[in-house]
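No experiment lies behind these values; they were computed from the predicted model shown.
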Amino acid sequence: MTDYEHILVKTDGETIRITMNRAARRNSLSGEHLAELLSAFQAAASSEATGIVLAADGPVFSAGHDFGDVASRDLMGVRSLLKLCTELMQTIQSVPQVVIARVHGLATAAGCQLVASCDLAVAASSAGFALPGGKGGWFCHTPAVPVARSIGRKRLMELVLTGDTIPAPVALEWGLVNQVVPDSELDSAVDALLARATRGSRASKALGKQTIYAQLDRPEADAYAIALEVMASASQLPGAREGMAAFLEKRKPVWPD
């Protein structure tokens with residue numbers, strides 16, 4: 001496995017665990033940190049893993065963009081940084097594996113964006129979430145993109161305009177995370193949800209995930225057009241054939257992938 005400076009990557013059976021490891025900088029997302037995360041997700045995408053866990057070391061999940069890095073850049077440099085960040089977020093959603101965020105402590109700005117970009121998220125009861133640019137000088141424009149698609153317009157506007165931190169139970173109520181558990185149960189809850197989300201045909205799951213993101217924000221007629229063609233094609237996958245055969249024959253499926 002590639003050696004990284006800002007992250008740790010571990011293969012655990014069929015799961016790849018990517019852990020942000022800049023505790024001294026509150027896991028803030030410098031250009032180098034973002035590039036390492038992108039590289040790790042790209043490598044994981046071509047692996048045999050079925051799931052990816054995104055976690056963090058230290059007391060904070062991620063404080064968002066590294067202002068020391070941002071402040072040192074001119075307009076073109078900041079634009080390049082944000083393009084890199086956007087590529088990471090889009091890669092998280094395009095990889096064939098199920099990606100689950102393991103969230104403890106604060107996830108703010110681009111850190112909150114990371115959580116919203118993952119397929120699933122489990123938060124410790126100590127977690128908090130914020131888009132704080134609204135009460136500062138640099139509005140959270142790009143972090144708001146995936147958060148809006150998770151929590152809806154009015155709740156998004158409350159987050160971005162007030163900049164206030166919402167606690168984990170509110171994040172659960174708003175749909176930003178899937179579960180909230182005691183801190184001591186965070187790892188077991190993440191593993192249990194990932195196990196449920198990765199069962200079945202791997203090829204079918206990967207195609208399904210990618211199709212969901214492709215149609216999610218399109219007009220209904222366009223979404224149906226996309227989903228219809230993919231679902232028809234997917235019916236010919238070995239996993240789909242085996243699933244239907246197992247149902248008809250009243251037996252457990254033996255997945256070919």
Side-chain angles (χ1 to χ4, degrees), residues 6-7 18-38 53-73 78 81-82 84-86 88-90 92-93 99-118 120-181 183 186 190:
H6 303 299
I7 65 174
I18 301 173
T19 303
M20 294 182 284
N21 193 34
R22 295 187 79 208
R25 297 287 296 173
R26 298 168 62 87
N27 292 313
S28 57
L29 301 171
S30 65
E32 292 81 5
H33 189 178
L34 288 168
E36 289 190 2
L37 285 169
L38 177 60
V53 176
L54 177 62
D57 190 26
V60 172
F61 180 78
S62 175
H65 286 295
D66 185 329
F67 280 4
D69 185 10
V70 175
S72 69
R73 295 170 180 256
V78 174
L81 178 71
L82 294 178
L84 174 60
C85 185
T86 299
L88 169 63
M89 303 301 167
Q90 293 174 332
I92 288 172
Q93 295 186 341
V99 181
I100 183 167
R102 175 199 181 278
V103 190
H104 73 285
L106 287 173
T108 64
C112 189
Q113 183 182 5
L114 271 175
V115 176
S117 296
C118 291
L120 303 167
V122 178
S125 55
S126 65
F129 304 84
L131 298 179
K135 61 181 180 182
W138 197 30
F139 199 84
C140 288
H141 298 278
T142 52
V145 173
V147 175
R149 286 153 174 77
S150 296
I151 67 175
R153 182 177 299 181
K154 294 298 185 185
R155 288 166 171 169
L156 172 75
M157 294 306 289
E158 181 176 339
L159 271 183
V160 296
L161 294 177
T162 67
D164 292 342
T165 299
I166 60 169
V170 175
L172 176 63
E173 178 187 349
W174 286 9
L176 186 59
V177 301
N178 297 88
Q179 295 178 20
V180 174
V181 299
D183 286 49
L186 183 56
V190 167

Q: With a 4.5 Å limit on heavy-atom distance, are the side chains of V78 and L82 in contact?
A: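 Touching, per the 4.5 Å side-chain cut-off.
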Q: Are any side-chain N or O atoms of N178 and backbone N or O atoms of L120, one a donor and one an acceptor, separated by less than 3.5 Å?
A: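 Looks like no, no N/O pair under 3.5 Å.
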Q: Under the ring pair (Phe, Tyr, Trp, His ring centres under 6.0 Å) rule, what pairs show up with a residue in residues 141-171, not counting sequence neighbours?
A: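 For residues 141-171, and leaving out neighbouring residues, the ring pair (Phe, Tyr, Trp, His ring centres under 6.0 Å) pairs sorted by first residue read F139-H141.
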Q: Could you tell me if the side chain of S28 sits less than 4.5 Å from the side chain of R22, heavy atoms only?
A: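 Heavy-atom side-chain distance check passes, below 4.5 Å.
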Q: Identify the two heavy atoms, one from S62 and one from M20, that lie closest to each other, and give their separation to 0.1 Å.
A: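 The answer is CB-CE, 4.1 Å.
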Q: Please, which pairs that meet salt bridge (charged side-chain N to carboxylate O under 4.0 Å, His left out) have at least one residue in residues 121-135, sequence neighbours excluded?
A: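 Not a single pair qualifies under salt bridge (charged side-chain N to carboxylate O under 4.0 Å, His left out).
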Q: Which pairs of donor and acceptor atoms, one on a side chain in residues 146-173, lie under 3.5 Å apart (sequence neighbours left out)?
A:
unit_1 : atom_1 : unit_2 : atom_2 : d
R149   : NE     : D217   : OD2    : 3.0
R149   : NH1    : V145   : O      : 3.0
S150   : OG     : P146   : O      : 3.3
T162   : OG1    : E158   : O      : 2.6
T162   : OG1    : D164   : N      : 3.1

Q: Any side-chain heavy atom of H65 within less than 4.5 Å of one from D69?
A: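 No. Closest side-chain heavy atoms not under 4.5 Å.
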Q: Looking at H6, is its backbone amide N or carbonyl O close enough to the side chain of N21 to form a donor-acceptor pair, meaning the two atoms are under 3.5 Å apart?
A: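 Such a contact is absent between N21 side chain and H6 backbone.
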Q: Please name all residues satisfying side chain to side chain donor-acceptor pair (under 3.5 Å) with S126, sequence neighbours left out, ordered by chain then number.
A: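 For S126, the residues satisfying side chain to side chain donor-acceptor pair (under 3.5 Å) (neighbours in sequence not counted) are D183.
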Q: Mind listing the closest non-hydrogen atom pair of P143 and L131 along with its distance?
A: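 Scanning both residues completely, I find the closest heavy atoms to be CB-CD2, 3.7 Å.
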Q: Got a sec, which residues hit salt bridge (charged side-chain N to carboxylate O under 4.0 Å, His left out) with R25, two or more places apart in sequence or on another chain?
A: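 R25 satisfies salt bridge (charged side-chain N to carboxylate O under 4.0 Å, His left out) with D66 once adjacent residues are dropped.
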Q: If you look at every heavy atom in A123 and V177, which pair is closest and at what distance?
A: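 Of all heavy-atom pairs spanning A123 and V177, the closest is CB-CG1, 4.2 Å.
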Q: For residues 99-115, tabulate all N or O donor-acceptor pairs below 3.5 Å that involve a side-chain atom, not counting sequence neighbours.
A:
unit_1 : atom_1 : unit_2 : atom_2 : d
R102   : NE     : D187   : OD1    : 2.5
R102   : NH2    : D187   : OD1    : 3.3
H104   : NE2    : G58    : O      : 2.4
T108   : OG1    : A63    : O      : 3.2

Q: Hey, does C85 have a side-chain heavy atom less than 4.5 Å from the side chain of T142?
A: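 In short, these two side chains do not touch, never coming nearer than 4.5 Å.
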Q: Is any side-chain heavy atom of L54 closer than 4.5 Å to one of L37?
A: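 SC-SC contact between L37 and L54 confirmed.
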